[in-house]
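Structure, as structure tokens:
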Amino acid sequence: MNKDFSKDLLDWYDRHQRTLPWRAKSGVTADPYHVWLSEIMLQQTTVATVKAYFEKFLRLWPSVENLAAAPLDSVLKEWAGLGYYARARNLHKCAGVIVNDHNGTFPETEAALRSLPGIGDYTAAAIIAIAFNRHAAVVDGNIERIIARCYRISTPLPTAKKPIREVVEGLTPNTRPGDFAQAMMDLGASHCSPKKPSCMLCPLPRHCEAHKTGDMENYPVKAPKKEKPTRRAISFWLVHDGHLLLERRPPKGLLGGMPGLFSTPWVERPDFPVKTEWLEHTPTDDYWKPVSGMAKHTFTHFHLLTQLVTAKARARHNVENGFWHPIEDLANIGLPTAYKKIADLML
DNA sequence: AAATCGGGGGT
DNA sequence: ACCCCAGATTT
């Protein structure tokens with residue numbers, strides 16, 4: 001029965017697999033560096049978004065040695081817009097460990113991979129299966145959904161993660177574990193979609209209990225999510241001689257290590273700070289005036305509403321964690337999207 | 001176990 | 001507006 005599941009899936013995969021920049025052609029051994037880089041980028045990120053970033057990174061840093069030798073700031077700059085910037089910091093750190101402690105080659109056990117920065121349960125299993133073609137239980141969001149449907153698992157996620165993993169462990173074949181994982185993900189990205197799955201095109205209908213009972217859309221069951229509060233802030237657009245004052249954010253936490261505009265603290269409150277409040281947070285003592293409009297951005301766990309005020313500086317003052325940057329080069333600095341939206345109020 | 005951590009694309 | 005996405009790490 002398990003063999004039928006993987007056989008039906010792999011037969012479908014051999015006919016319908018997608019061509020992706022990081023996917024080795026059939027018969028060709030995958031490059032662990034390519035697999036690792038793509039898996040980090042694909043964490044909580046869609047294939048369509050990752051493609052251009054993956055190709056740019058390989059062009060700039062064709063090997064793990066090149067990536068390890070690059071300054072962290074240039075890695076963050078090229079990562080800008082992809083989100084979850086801890087991934088970029090861990091990517092760079094991991095490259096250093098691979099080069100310095102592992103002679104530039106990737107470990108070939110899940111436990112050793114799992115101990116590297118930025119590599120968790122999913123990514124370790126994916127590298128073992130896809131890059132080394134060895135048996136590993138690969139479980140991502142797609143696979144959770146497929147398994148939850150096939151077995152009508154009523155336990156909500158994330159509690160259901162462990163039982164799902166055990167099912168995948170048993171279904172994964174020893175012959176083509178990497179293709180099995182990628183086939184599952186292709187299936188989840190196509191027919192077995194979260195809403196309105198196309199069961200008539202699915203290769204596994206006879207293995208799927210939810211299809212038989214017709215309640216596919218009820219799976220996977222998920223724990224309720226809490227609502228996002230709204231934070232508000234005033235950002236500062238300070239200019240001197242064609243240069244704009246930016247800050248380098250602290251190396252950890254939200255947008256860690258990324259450039260941004262100075263602003264009042266992002267505080268959960270019903271109204272914007274009034275002038276007497278935000279004046280206390282300006283980076284310099286100048287004549288400020290408001291800019292019309294408001295920037296809206298949604299992070300993982302809160303909404304941010306920002307208004308902008310502007311001033312002409314008397315000089316390029318030294319400001320702690322601040323640096324002056326040519327305004328015409330703003331598009332090339334690697335500004336996170338949240339700040340791009342704020343800057344757009346000015347441009 | 002719960003919270004933190006981005007941003008885009010589909011519906 | 002809400003959901004989801006080839007999740008990991010910290011609290």
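Each chain gets a letter, A, B and so on, in the order its sequence line appears, and its residues count up from 1.
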Check: When you compare B/dG6 with C/dC3, how far apart are their C1' atoms, in angstrom units rounded to a whole number?
Finding: 15 Å

Check: Is A/Lys340 salt-bridged to A/Asp344, cutoff N-O under 4.0 Å?
Finding: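 Between A/Asp344 and A/Lys340 there is no salt bridge, as every charged N stays at least 4.0 Å from the carboxylate O atoms.
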
Margin query: Tell me which nucleotide, if any, is Watson-Crick or G-U wobble paired with B/dG6 when both distances must be under 3.5 Å.
Written below: none

Check: Which sits closer to the 5' end of DNA chain C, A/Arg18 or A/Arg114, going by the nucleotide each is nearest to?
Finding: A/Arg18

Using only side-chain N and O atoms of [X], determine if any of them is under 4.0 Å from OP1 or OP2 of [N].
X: A/Tyr85; N: B/dG7; answer: yes
X: A/Thr123; N: C/dA8; answer: yes
X: A/Lys340; N: B/dG7; answer: no
X: A/Arg145; N: C/dC4; answer: no
X: A/Gln44; N: C/dG7; answer: yes
X: A/His297; N: B/dG6; answer: no
X: A/Thr46; N: C/dA6; answer: no

Next item on the list: Step through the shown structure and confirm whether more than 12 heavy atoms of other residues, nucleotides or ligands are within 6.0 Å of NZ on A/Lys341.
Entry: yes

Checklist line | Flag if over 12 foreign heavy atoms under 6.0 Å of CG, A/Asn318 | finding: no

At under 4.0 Å between heavy atoms, what does [X] touch on the DNA or RNA strands: base, sugar-phosphate, or nothing?
X: A/Leu255; answer: sugar-phosphate
X: A/Leu304; answer: nothing
X: A/Trp22; answer: base

Next item on the list: Indicate yes or no: at least one non-hydrogen side-chain atom of A/Asn90 is less than 4.5 angstrom from one of A/Arg87.
Entry: no

Check: Ignoring hydrogens and angles, are the base of B/dG6 and the side chain of A/Thr300 linked by a donor-acceptor pair under 3.5 Å?
Finding: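 For A/Thr300, whose side chain was compared with the base of B/dG6, there is a donor-acceptor pair (under 3.5 Å).
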
